[in-house]
Amino acid sequence: MGSIAINTTVDPTTLFSKRVQQYEPGAIRSLLPLEALPGMISLVAGKPNPETFPFAEISILLKGSDGHRIVLEEDQLSEALQYGLPGGNPELIMWFEELQRRVHGIRDHQGWACCIGNGSQELIHRAFQVFTDFGDPVLIETYICTILPPSFPIMADYFTGQRIRVAGFLRADGHQLSEVQSDAKGLNPVDLERVLSAWPGKRRPRVLYTVPTGSNPTGQSCSEIRKAQILRLAKQFNFMIFEDDAYGFLNFDQPSYRARSYLALENEINGETGRVLRFDSLSKIVSSGMRLGILTGPLPAVQKVIRITENINLQPSSTTQMLALTLFNHWGHAGFLQHCERAANFYRQRRNVFAAAAEKYLHGRATWETPSAGMFFWLTLLLPPGQDSFEILSRQGKENGILAIPGVAFLPNQRSSCQLRVSYSLLPEEKMFEACQRIAKLVDNAWRFEILM
């Protein structure tokens, strides 16, 4: 793809919701950055005195041959245990901004910024508050099953590629979930254009939510060609792209084959920036319990997300931010990316073992496509007509010692389905074959039950 000189920075404020305008600036927290000015005497914040904190140091031993020990001593702890800024620790934000420059090639003049949240889930929810009002339509990708035998009956045609958690709060806010088909190559721009062109009325959706890498639950990724087409549609139909890329660093493709992000492609494809909000997470690569997520996007939108944080929970955790910052300063950006590559290799090996187990026991009983990233297989069980995965798990799962998530949990409109999402992230490799054998037994029993009926 040829490079296009940047023409403009999109003003996202024209797409802001009515509800986000109701959030007032935090009277105290808007003044906190001024405390760092030389000679400033601050009487603003009711911060506790660090002398009352009971911790002298926090020491963490890293895995690996070097056995490096990270130590947060008392002067660092006075910051790590104290109130902080609503957008996150400034030094940690700078570290992530440099990472985004390296990984996605974005430049400072393109009007973007980063902020930190207590996990990417929190940031995604707040970004939806910025761009949608209660009941607004939202574009969400769904997975079209293309690997069933042509004559095989199925309960439903489409299955979501978005996370359960996002669909849950969108439904709670009364949003209309408008489904756009995806397949093994990712979100389908032809179907996206069809949906938008046929949209009734003038108020089209302002947000497309998508998981472009290792989509949960299908494990499939969007190709770069399709991302380019979707970016053009975002410009044509004037909507934002929420790029939820929690599995972006768990990509099993070789680097030369990996699709660039929406964030990286935006300027090249459209000659503009400002339509992409990217969500990264440390949960899958460093620690899920630390609850640290990163939002990268146009400055006005990031500022509104920070405004919501000021009004609701004040800030992301200072302690986990300082732990992460100390670790990242030890690693450097190169060391961080090397760690991510090791994590991807770890999950690639587990994926390969599970694929072998599925081939041995589930061939003829289920169909699937080998995931290109992430932690999940999306199995389509070849069940008798009228039966679904929720039904057979409810009836036989506990008895047969197998737990998985039925496909209905991922459906925006909660249709029946014959899918199972199975995770191979924690299961010991020697138990993967037993797990697939037990799933095979569920399918066999379903057909025996059908015959008896």
Side-chain angles (χ1 to χ4, degrees), residues 15-20 120-145 154-183 186-220 222 226 230 233-234 237-247 262 275-279 376 378 388-390 405-419 421:
L15 297 175
F16 281 177
S17 66
K18 295 177 182 177
R19 59 175 164 171
V20 79
S120 60
Q121 166 82 349
E122 178 181 85
L123 294 169
I124 293 167
H125 181 248
R126 289 179 182 173
F128 270 108
Q129 289 184 301
V130 173
F131 286 98
T132 65
D133 290 300
F134 294 110
D136 279 354
V138 174
L139 296 164
I140 287 191
E141 61 182 313
T142 61
Y143 182 68
I144 181 168
C145 192
I154 58 175
M155 296 290 294
D157 294 323
Y158 306 112
F159 308 95
T160 71
Q162 96 279 3
R163 303 178 188 182
I164 303 173
R165 54 185 180 81
V166 171
F169 72 68
L170 289 176
R171 279 197 293 263
D173 283 349
H175 290 293
Q176 174 190 343
L177 303 184
S178 182
E179 302 174 23
V180 182
Q181 297 174 16
S182 65
D183 53 32
L187 187 66
N188 188 336
V190 174
D191 192 58
L192 176 59
E193 185 173 18
R194 176 193 64 79
V195 169
L196 291 169
S197 297
W199 195 266
K202 296 181 179 180
R203 186 64 164 175
R204 291 192 182 98
R206 286 175 282 182
V207 175
L208 165 68
Y209 172 80
T210 180
V211 182
T213 311
S215 180
N216 180 359
T218 69
Q220 304 308 317
C222 190
R226 286 194 173 184
I230 292 163
L233 291 173
F237 290 99
N238 194 27
F239 62 83
M240 304 295 294
I241 297 174
F242 283 14
E243 181 177 29
D244 183 2
D245 212 7
Y247 301 96
Y262 286 102
R275 294 191 185 278
V276 176
L277 271 69
R278 178 179 173 83
F279 303 90
F376 308 108
W378 185 236
D388 62 33
S389 56
F390 177 79
I405 300 182
V408 65
F410 297 90
L411 302 175
N413 298 308
Q414 299 181 314
R415 296 181 295 264
S416 298
S417 87
C418 46
Q419 271 65 34
R421 192 202 76 174

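Since this is a predicted model, take the numbers as computed values, not measurements.
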| query | Think R19 forms a cation-pi with F134, using NZ or CZ under 6.0 Å from the six-ring centre and within 45 degrees of its axis? | reply | yes

| For P137 and R203, which heavy atoms make the closest approach, and how far apart are they? | CG-O, 4.2 Å

| field | F169 CZ to Q121 CD distance, which is reported to the nearest 0.5 Å | value | 5.5 Å

| Nearest-0.5 Å distance that lies between atom CD in Q176 and atom CG in L139 | 9.5 Å

| said: Give me the atom names and distance for the closest heavy-atom approach of F239 to V207. | reply: CB-N, 4.3 Å

| field | Value rounded to 0.5 Å, distance of CZ in R278 from CG in D245 | value | 4.0 Å

| query | Quick check: does any side chain N or O of S389 sit under 3.5 Å from a backbone N or O of Q419, one acting as donor and the other as acceptor? | reply | yes

| said: Minimum heavy-atom separation for Y262 and E243, please, with both atom names. | reply: N-OE2, 2.9 Å

| said: Parallel, tilted or perpendicular, judged at 30° and 60°: which one describes the rings of F128 and Y209? | reply: tilted

| Counting only N and O atoms by type, is there a donor-acceptor contact under 3.5 Å from the side chain of R206 to the main-chain atoms of L15? | yes

| query | Shortest non-hydrogen contact from V195 to S178? | reply | CG1-OG, 3.6 Å

| request: Calculate, to the nearest 0.5 Å, the distance between atoms CG and CE belonging to L208 and M240 respectively. | output: 11.0 Å

| So, do D136 and F131 sit near enough that their side-chain heavy atoms are less than 4.5 Å apart? | no

| field | Test: D183 and R226 ion pair at under 4.0 Å | value | yes

| Between atom CG of N238 and atom CZ of R204, what is the distance when rounded to the nearest 0.5 Å? | 9.5 Å

| field | Spacing of D244 atom CG and I124 atom CD1 [to the nearest 0.5 Å] | value | 3.5 Å

| Nearest heavy-atom pair of L187 and C222: which atoms, and what distance? | N-SG, 3.9 Å

| query | Is the number of heavy atoms from other residues, nucleotides or ligands under 6.0 Å of F390 CZ greater than 12? | reply | no

| request: Check whether any side-chain heavy atom of T132 sits under 4.5 Å from a side-chain heavy atom of L170, and report yes or no. | output: no

| said: Counting C-beta onward and ignoring hydrogens, is there a side-chain heavy-atom pair between L233 and P189 closer than 4.5 Å? | reply: yes

| said: So does T218 get a backbone contact from the side chain of S215, meaning a donor-acceptor N/O pair under 3.5 Å? | reply: no

| Which class fits the ring pair F376 and Y247: parallel under 30°, tilted 30 to 60°, perpendicular over 60°? | perpendicular

| Quick check: does any side chain N or O of S182 sit under 3.5 Å from a backbone N or O of N188, one acting as donor and the other as acceptor? | no

| request: Please check if the side chain of E141 supplies one atom and the backbone of V211 the other of a donor-acceptor pair under 3.5 Å. | output: yes

| said: Within the 4.5 Å heavy-atom criterion, are P205 and L196 side-chain neighbours or not? | reply: yes

